[in-house]
Amino acid sequence: MKVKDIIIEAEAITGLKANLPDDAINGLTQLVKSVVDEAPLSEQGLQSSKKMILNNLANRIRVDHYLEQHPELLQQAIETPTFVFGLPRTGTTLLINLLAEDPARRAFIRWESLNSVPPPKASEVRTDPRYFEAQALIEQSLNYVPHISAIHHENADSPTECQFSMSQTFCSQLFESMIDIPSYRKWFLSTDYLPAFKYHKRLLQLLQTHAPGQWTLKNPWHPLYLTALKEVFPDAQLIMTHRDPVEVVGSACSLIKHVRLLTHEHVDLEKIGSTTIDIFQRMIDNIINYKVKYGENSISGYH
């Protein structure tokens with residue numbers, strides 16, 4: 001698996017020429033190298049990881065091309081978006097599902113996250129052929145990995161996580177949690193997240209073309225990127241969910257373990273524990289620092 005070959009294959013899938021910025025090329029290079037050199041993947045796991053990378057790259061190419069053809073969309077505002085976050089496994093999914101019931105709010109829908117072009121119409125979110133295609137894949141997966149759904153489940157029309165936008169920049173915690181890739185993790189935790197959030201905004205501007213509303217978004221991992229989030233979305237409303245940290249660590253580690261067991265030849269449980277605690281501490285420190293800088297009420301709490 002090589003970066004050049006993946007780009008060529010994504011271009012063949014989309015019928016479009018890739019014109020990726022340097023930050024995306026860098027992230028893709030870091031990810032592919034770490035997967036090839038370090039990840040203890042089975043052959044099936046390697047193919048699954050390649051498909052995940054290809055799907056993200058193909059959507060990125062389509063989005064970039066569409067916005068080149070419709071630059072006026074980038075002039076549309078993203079006004080007072082709401083971001084739900086917290087340590088993972090603290091109820092962010094429950095809260096975003098409740099908030100998304102408000103018809104004035106606009107959620108980031110699972111099927112549109114990786115099949116974004118053309119942007120959906122509000123009346124066709126559950127009738128678009130892309131919805132049925134994504135839902136069929138989800139239902140098929142339930143036959144093979146029902147235990148994953150029991151831990152965390154999304155339907156094709158469910159609100160999903162911002163990391164499925166950030167993954168199209170190849171700067172996303174999604175990859176580090178699904179695959180044991182130490183070098184990518186080290187790079188990811190020290191890189192600039194601003195390009196990922198700028199792309200996230202561009203994608204939202206595209207998706208709201210025919211389906212507007214107050215964007216109401218969620219990603220448990222956003223405490224890693226609060227500075228970049230604030231810069232790109234300065235009027236964002238931030239909501240943090242809370243749960244007993246002891247329960248949170250165990251639940252998060254369990255999810256990562258079960259996901260990796262599907263694709264890895266062996267899973268290092270001690271490493272999952274230590275890296276999870278490390279990343280949670282980074283998130284907590286960032287939240288504290290953010291509140292010190294912007295005030296205690298800059299992040300609302302949900303218990």
Side-chain angles (χ1 to χ4, degrees), residues 27 30-31 34-35 37-42 45 48-49 52 83-96 145 147-154 160-167 170-191 193 196 218-229 238-291 299 301-303:
Q30 296 285 345
L31 175 60
S34 191
V35 168
D37 293 348
E38 300 173 324
L41 295 169
S42 63
S48 175
S49 298
M52 175 174 62
F83 288 87
V84 174
F85 60 80
L87 296 183
R89 316 298 296 160
T90 57
T92 55
T93 300
L94 172 62
L95 182 54
I96 193 70
V145 289
H147 57 293
I148 300 295
S149 179
I151 300 173
H152 178 77
H153 180 78
E154 291 178 358
T160 197
E161 298 179 356
C162 299
Q163 63 177 335
F164 292 105
S165 169
M166 298 177 69
S167 61
F170 304 100
C171 175
S172 173
Q173 198 278 336
L174 172 70
F175 303 117
E176 188 271 335
S177 61
M178 294 186 69
I179 314 171
D180 184 3
I181 38 178
S183 294
Y184 179 83
R185 180 180 190 275
K186 181 178 180 181
W187 170 82
F188 166 74
L189 290 174
S190 61
T191 196
Y193 305 120
K218 80 111 169 179
N219 186 10
W221 308 98
H222 274 331
L224 289 171
Y225 336 111
L226 289 175
T227 300
L229 189 159
L238 307 182
I239 304 175
M240 179 178 176
T241 52
H242 296 269
R243 183 185 175 193
D244 184 336
V246 174
E247 295 181 1
V248 168
V249 171
S251 182
C253 289
S254 175
L255 177 57
I256 294 171
K257 179 191 76 172
H258 283 97
V259 168
R260 290 186 181 179
L261 283 172
L262 300 174
T263 56
H264 287 52
E265 290 185 338
H266 62 86
V267 175
D268 188 332
L269 299 183
E270 184 175 346
K271 180 186 288 187
I272 290 175
S274 62
T275 55
T276 299
I277 291 173
D278 172 73
I279 210 165
F280 281 11
Q281 186 61 60
R282 294 170 185 262
M283 294 166 74
I284 292 168
D285 290 343
N286 286 350
I287 291 166
I288 292 171
N289 292 335
Y290 187 92
K291 286 188 172 185
I299 300 176
Y302 180 83
H303 297 265

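- Annotation for Cys253 and Gly273: closest pair SG-CA, 3.9 Å, computed over non-hydrogen atoms.
- A donor and an acceptor atom, one from each side chain of Glu265 and Ser42, are nowhere located under 3.5 Å apart.
- In this structure, Thr275 contributes its side chain and Ile272 its backbone to a donor-acceptor pair below 3.5 Å.
- Taking NZ of Lys186 as the reference point, atom CD of Glu176 lies at 14.0 Å (rounded to 0.5 Å).
- Partners of Trp187 by ring pair (Phe, Tyr, Trp, His ring centres under 6.0 Å), not counting sequence neighbours, listed by chain and number: Tyr184.
- With a 4.5 Å cut-off on side-chain heavy atoms, Glu161 and Lys218 count as touching.
- Taking the ring pair (Phe, Tyr, Trp, His ring centres under 6.0 Å) definition, one finds that Phe164 meets it with nothing, sequence neighbours left out.
- A heavy-atom distance below 4.5 Å is not found between the side chains of Thr90 and His242.
- Inspection of the Gln30 and Ser183 side chains reveals no N or O donor paired with an N or O acceptor under 3.5 Å.
- Rounded to the nearest 0.5 angstrom, His266 NE2 and Leu41 CG are separated by 9.5 Å.
- In terms of heavy atoms, Leu226 sits closest to Ile299 at CD1-CD1, 4.5 Å.
- Scanning for side chain to side chain donor-acceptor pair (under 3.5 Å) contacts around Asp285 gives Gln281, with sequence neighbours left out.
- Listed by chain and residue number, nothing satisfies the salt bridge (Lys or Arg N to Asp or Glu O under 4.0 Å) test with Asp268 (two or more places apart in sequence, or in another chain).
- Phe280 and Ala252 get closest at one heavy-atom pair: CZ-CB, 3.7 Å.
- In terms of heavy-atom proximity, Ser177 sits nearest to Ile256 at O-CG2, 3.5 Å.
- Residues Ile96 and Thr92 are not in side-chain contact: their nearest non-hydrogen atoms beyond the backbone lie 4.5 Å or more apart.
- Under the side-chain contact (heavy atoms from CB on, under 4.5 Å) criterion, Asp278 pairs with Arg185, Leu189, Arg282, sequence neighbours left out.
- Applying the salt bridge (Lys or Arg N to Asp or Glu O under 4.0 Å) rule to Lys271 yields the partners Asp180; only residues at least two apart in sequence or on another chain are considered.
- Considering every non-hydrogen atom in both Gly86 and Met283, the closest pair reads O-CE, 4.0 Å.
- Formation of a donor-acceptor pair under 3.5 Å by the Ser254 side chain with backbone atoms of Gly250 is not found in this model.
- A search for side chain to side chain donor-acceptor pair (under 3.5 Å) contacts involving Thr191 returns nothing, not counting sequence neighbours.
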Inset, instruction - Verify side chain to side chain contact (heavy atoms under 4.5 Å, CB included) between Leu174 and Trp221, making sure each step is shown before the conclusion. - result: CA-CA 9 Å; Leu174 172 70; Trp221 308 98; over 6 Å; no
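- Here Glu247 pairs with Arg243 under the salt bridge (Lys or Arg N to Asp or Glu O under 4.0 Å) rule; sequence neighbours left out.
- Shown here for Val248 and Pro88, the closest heavy-atom pair between the two residues is CG1-O, 3.0 Å.
- Lys291 meets the salt bridge (Lys or Arg N to Asp or Glu O under 4.0 Å) test with Glu296; sequence neighbours excluded.
- Scored by the side-chain contact (heavy atoms from CB on, under 4.5 Å) test, Ser48 finds Thr263 as partners (sequence neighbours excluded).
- Put simply, the side chain of Ile284 reaches to within 4.5 Å of the side chain of Leu87, judged on heavy atoms.
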Legend entry - Phe83 and Asn219: CA distance, side-chain angles, deciding distance, side chain to side chain contact (heavy atoms under 4.5 Å, CB included) verdict: CA-CA 8 Å; Phe83 288 87; Asn219 186 10; over 6 Å; no
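- Residues Phe175 and Ser49 fail the side-chain proximity criterion, which asks for heavy atoms closer than 4.5 Å.
- Note on residues 248-258: no pairs pass salt bridge (charged side-chain N to carboxylate O under 4.0 Å, His left out), not counting sequence neighbours.
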Inset, instruction - In sequence, state the C-alpha distance, the side-chain angles, and the governing distance for Met166 and Gln173, and then conclude on side chain to side chain contact (heavy atoms under 4.5 Å, CB included). - result: CA-CA 9 Å; Met166 298 177 69; Gln173 198 278 336; over 6 Å; no
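- Listed by chain and number, the residues in a ring pair (Phe, Tyr, Trp, His ring centres under 6.0 Å) with Tyr225 are Tyr193, Phe197, His222 (sequence neighbours excluded).
- Here the side chains of Phe85 and Thr241 are not in contact, with every heavy-atom distance at 4.5 Å or above.
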